[in-house]
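Each chain gets a letter, A, B and so on, in the order the sequences are listed, and its residues count up from 1.
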Number of protein chains: 2
Amino acid sequence: MQKYYQKIKNSPIFYGMADSELDRMLECFKAVIKHYESGDTIIRSGDIITKIYLILDGEVNIEKDSYWGRRIIIQKLHENNNIALSLVASKNTESNVNAICTKDAIVLILNYEKCSAMCQNACMHHGAFIRNMFKILSKENVELIEKIENISQKSIRDKLLTYLSNESQKRKSNMFEIQFNRQELADYLNIDRSAMSFELSKLKQEGFINYKKNKFILKVQV
Amino acid sequence: MQKYYQKIKNSPIFYGMADSELDRMLECFKAVIKHYESGDTIIRSGDIITKIYLILDGEVNIEKDSYWGRRIIIQKLHENNNIALSLVASKNTESNVNAICTKDAIVLILNYEKCSAMCQNACMHHGAFIRNMFKILSKENVELIEKIENISQKSIRDKLLTYLSNESQKRKSNMFEIQFNRQELADYLNIDRSAMSFELSKLKQEGFINYKKNKFILKVQV
DNA sequence: ACATTTCTGTTGTTTTTACAACAAAAAGGA
DNA sequence: TCCTTTTTGTTGTAAAAACAACAGAAATGT
C-alpha cells in the first residue's frame with residue numbers, strides 16, 4: 001500500500017485531503033491493493049458489487065456480451081478512473097457489465113458499503129469525499145453522452161468523423177493518438193472492423209484525415 | 001412557488017429535508033418556477049449553463065442535431081428528472097445538447113453556481129443536497145449505460161428486443177407501455193422508422209411480441 | 001535476423017438498412 | 001358526425017454495411 005501512496009494521494013477521488021485525513025479514509029474504507037493481469041476479469045456480469053475499484057495503473061475495458069455473443073466495449077478506463085462507482089452509489093448492486101483488464105493493472109479497492117453505512121468515527125471528511133465522487137460521476141456522465149453521440153451517427157464515415165473530431169477537441173489539437181486499436185475502435189463504435197478500415201482509407205485518400213497506426217491528423221474542421 | 005411546494009418537497013433532489021431546511025435551500029439557490037410549452041427550447045446547444053433545471057411536470061427531450069441535420073434523442077425526461085446537472089457539476093458549462101419541451105412543463109430552476117460558490121449561511125444542508133444529487137447522478141449514469149446497450153445492438157431486431165426486454169425488466173412485467181411514439185423510438189434507437197415498423201410487425205407475426213400502439217407484451221424471455 | 005503471431009488493409013458477395021412513396025388507421029377539432 | 005391532421009404500417013428500390021477470405025505490414029519472441 002505504502003508503495004502506491006503517492007499515486008493514491010494524487011487521485012481525484014481523494015483530492016484536497018491532507019495525509020492524515022487520507023490515512024483515516026483508507027482505513028475507514030478497508031482499502032486494499034490488488035494486482036490484475038491482462039486478460040483477467042475484474043467484474044463479471046451478474047456479480048453483486050459492494051466495492052469501488054480505483055485504477056492506479058493499467059487499462060480496463062468495460063464490456064458487455066450481447067445475447068448473441070457479440071462484444072460491446074462501453075468504455076476504456078485508465079489510471080484514476082473508477083469501476084462500479086455509479087453502480088454502488090445507485091444501490092444497483094448487480095453488475096450488468098464485465099470489467100476486463102486489458103493491460104496489467106494495479107487497483108485500489110474500497111469497501112464503500114462499510115463506510116457509508118456506519119460513518120461516525122474518522123469520516124468527518126466523508127463530505128469532501130462525496131464532493132469528489134460527485135464531480136467524477138458528473139464527468140463520467142458527460143463522457144457517456146459523448147459516446148452516445150459518437151455511436152448515434154448514421155454511417156461509418158460519420159461515426160469516425162464524429163469520434164475523431166471529439167478526440168481532437170479533447171486534446172485541443174488536430175494531431176493526436178487514439179487509445180484503441182482498430183478492432184477495439186470498431187467494437188467501441190459498433191461497426192465492422194474491415195468496413196471501418198476501408199472507410200479510414202477513403203477518408204485519407206480524400207484528404208480529410210491522415211494517420212499512421214494510432215496517430216491521427218484531422219485536416220479539416222468537421 | 002407555493003403552489004408547487006408539495007411537488008418540490010417530494011422531489012428526490014430535496015429528499016430527507018425538513019420544511020425549514022427546504023425553504024432555506026430554495027432561497028439560497030434563488031429558486032424560480034418557469035413554465036414551458038410543448039415545442040419550447042429550454043436549452044440550446046452552445047448555451048452557457050449555470051443553472052440546474054428540475055422538471056416538476058411535463059416532458060422534455062434531450063436531443064442533439066447531428067452535423068448533417070439528423071435528430072438524435074439522447075434521453076426523454078419527466079417529472080423529477082433534472083436537466084444540466086451533470087453539465088453544471090462537471091464545470092463543463094457549454095451545453096452540447098438541446099433540451100426541448102415535448103409536453104407543457106413546469107420547471108424549477110436552481111442557481112447552482114451562486115450557492116456552491118459562497119455557501120456559508122443557510123447551507124448546513126448543502127451536504128444532504130450533494131448526497132441526493134450524487135444518488136441522482138449515479139442513477140442517470142446507469143441509465144445512460146443501458147441506452148448504450150440498447151443502441152449498440154447489431155440489427156434493428158436486436159435493438160428492439162433489447163430495448164423492450166430492458167423496459168420489461170424495469171417495469172417488472174412482460175406487459176407495459178412505452179414512453180415513445182414510433183418516430184421517437186426510432187430516433188432513440190437510431191434507426192429508420194419505417195424499417196422499425198416493419199420489423200415490429202415481423203416480431204408480432206412470429207409471435208415474439210404483441211402490441212397495440214404503445215402497449216407492448218413480450219411473449220418470450222429474451 | 002528470422003520465424004511466428006498479431007494487426008491492418010483490400011476486395012467481392014450477401015445481407016441489412018435507409019429512403020421514398022403511399023396506404024391505412026387513429027386522433028383531434030369543428 | 002365528418003373532415004383534417006397526425007401517426008403507423010407496407011412495399012419496392014437504392015445504398016450501405018456486414019461478412020468472409022486473404023494479402024501485406026508490424027510487432028513479438030527466440
Side-chain angles (χ1 to χ4, degrees), chain A residues 37-39 59 61 66 68-73 76 102-104 150-164 177-206 208-216, chain B residues 37-39 59 61 66 68-73 76 102-104 150-164 177-206 208-216:
Chain A
E37 284 178 21
S38 179
E59 188 183 88
N61 275 358
S66 84
W68 297 266
R70 225 165 47 95
R71 174 179 72 162
I72 300 163
I73 297 184
K76 185 180 272 294
T102 48
K103 277 179 197 159
D104 294 6
N150 287 335
I151 64 178
S152 292
Q153 301 304 318
K154 188 183 49 179
S155 64
I156 291 180
R157 166 172 291 229
D158 293 354
K159 285 182 186 181
L160 283 169
L161 287 176
T162 304
Y163 168 75
L164 290 172
E177 194 165 348
I178 68 171
Q179 55 184 347
F180 294 120
N181 68 24
R182 295 291 186 275
Q183 183 61 61
E184 288 180 322
L185 180 56
D187 288 345
Y188 177 83
L189 294 176
N190 300 304
I191 52 184
D192 179 68
R193 182 197 57 78
S194 67
M196 185 186 77
S197 264
F198 183 60
E199 196 64 47
L200 279 173
S201 319
K202 272 209 294 187
L203 284 169
K204 190 197 266 186
Q205 268 192 346
E206 294 171 25
F208 290 107
I209 63 174
N210 203 351
Y211 61 88
K212 185 161 193 184
K213 271 271 174 187
N214 291 13
K215 293 196 202 319
F216 282 77
Chain B
E37 283 179 22
S38 179
E59 189 183 87
N61 276 359
S66 83
W68 297 265
R70 224 166 47 96
R71 174 179 73 163
I72 300 164
I73 297 184
K76 184 178 272 296
T102 49
K103 278 179 195 157
D104 294 6
N150 288 335
I151 64 178
S152 292
Q153 301 303 318
K154 186 184 51 179
S155 63
I156 290 180
R157 166 172 291 230
D158 292 355
K159 285 183 186 182
L160 283 169
L161 287 175
T162 304
Y163 168 74
L164 290 172
E177 195 165 347
I178 67 171
Q179 56 184 346
F180 294 120
N181 68 24
R182 294 292 186 275
Q183 183 61 61
E184 288 180 322
L185 181 56
D187 287 345
Y188 177 83
L189 295 175
N190 300 304
I191 51 184
D192 179 68
R193 183 197 57 76
S194 66
M196 184 185 78
S197 265
F198 184 60
E199 196 63 47
L200 279 173
S201 318
K202 271 210 293 187
L203 285 169
K204 189 196 267 186
Q205 268 191 346
E206 294 171 26
F208 290 107
I209 64 174
N210 204 350
Y211 61 88
K212 185 162 192 180
K213 271 272 175 188
N214 291 13
K215 292 195 204 316
F216 282 78

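In this structure, the CD atom of A:E184 is 15 Å from the P atom of C:dT6, given to the nearest Å. Rounded to whole angstrom, the span from the CD1 atom of A:I156 across to the P atom of C:dT17 amounts to 13 Å. Spacing between atom CE of A:M196 and atom P of C:dT11 amounts to 17 Å, rounded to whole angstrom units. The separation between B:L189 atom CG and C:dA18 atom P is 11 Å, rounded to whole Å. Atom CD1 of A:I191 and atom P of D:dA18 are 7 Å apart (whole Å). Across the protein-nucleic acid pair, A:F198 atom CZ and D:dA16 atom P stand 12 Å apart, rounded to whole Å. Between B:N190 atom CG and C:dA18 atom C1' there is a gap of 13 Å when expressed in whole angstrom units. To the nearest angstrom, P of D:dA18 lies 18 Å from CZ of B:R157.
A:T102 places a side-chain N or O within 3.5 Å of a backbone atom of A:E59 that can act as its donor or acceptor partner. No side-chain donor-acceptor contact under 3.5 Å links B:S38 to the backbone of B:D104. A:K159 places a side-chain N or O within donor-acceptor distance of the main-chain N or O of A:L189, the cut-off being under 3.5 Å.
With sequence neighbours excluded, no residue satisfies side chain to side chain donor-acceptor pair (under 3.5 Å) with B:Q179. Applying the side chain to side chain contact (heavy atoms under 4.5 Å, CB included) rule to B:Y211 yields the partners B:R182, B:L200, B:S201, B:K204, B:I209, B:F216; only residues at least two apart in sequence or on another chain are considered.
Among the nucleotides D:dT11, D:dA18, D:dA17, the one closest to any side-chain atom of A:D192 is D:dA18.
A side-chain donor from one of B:N190 and A:S152 sits under 3.5 Å from a side-chain acceptor of the other.
For A:S201 and C:dT10, the shortest distance from a side-chain N or O to OP1 or OP2 is below 4.0 Å. The shortest distance between the side-chain N/O atoms of B:K154 and the OP1/OP2 oxygens of D:dC19 is below 4.0 Å. For the OP1/OP2 pair of C:dG9 and a distance below 4.0 Å, the side-chain nitrogens and oxygens of A:R182 include at least one atom meeting the criterion.
A:N181 comes within contact range of the sugar-phosphate backbone alone, with a heavy-atom separation under 4.0 Å but no base atom that close.
Checking B:E199 against A:K202, the closest nucleotide of DNA chain C that is more toward the 5' end is the one next to A:K202.
On a pure distance criterion of 3.5 Å, no polar donor-acceptor pair joins the side chain of A:S194 and the base of D:dA18.
Of all heavy-atom pairs spanning A:Y163 and A:I178, the tightest one is OH-CB, 3.8 Å.
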Taking only nitrogen or oxygen atoms into account, show me every contact under 3.5 Å that the protein makes with nucleotides 23-27 of chain C, one pair per line with its distance.
none

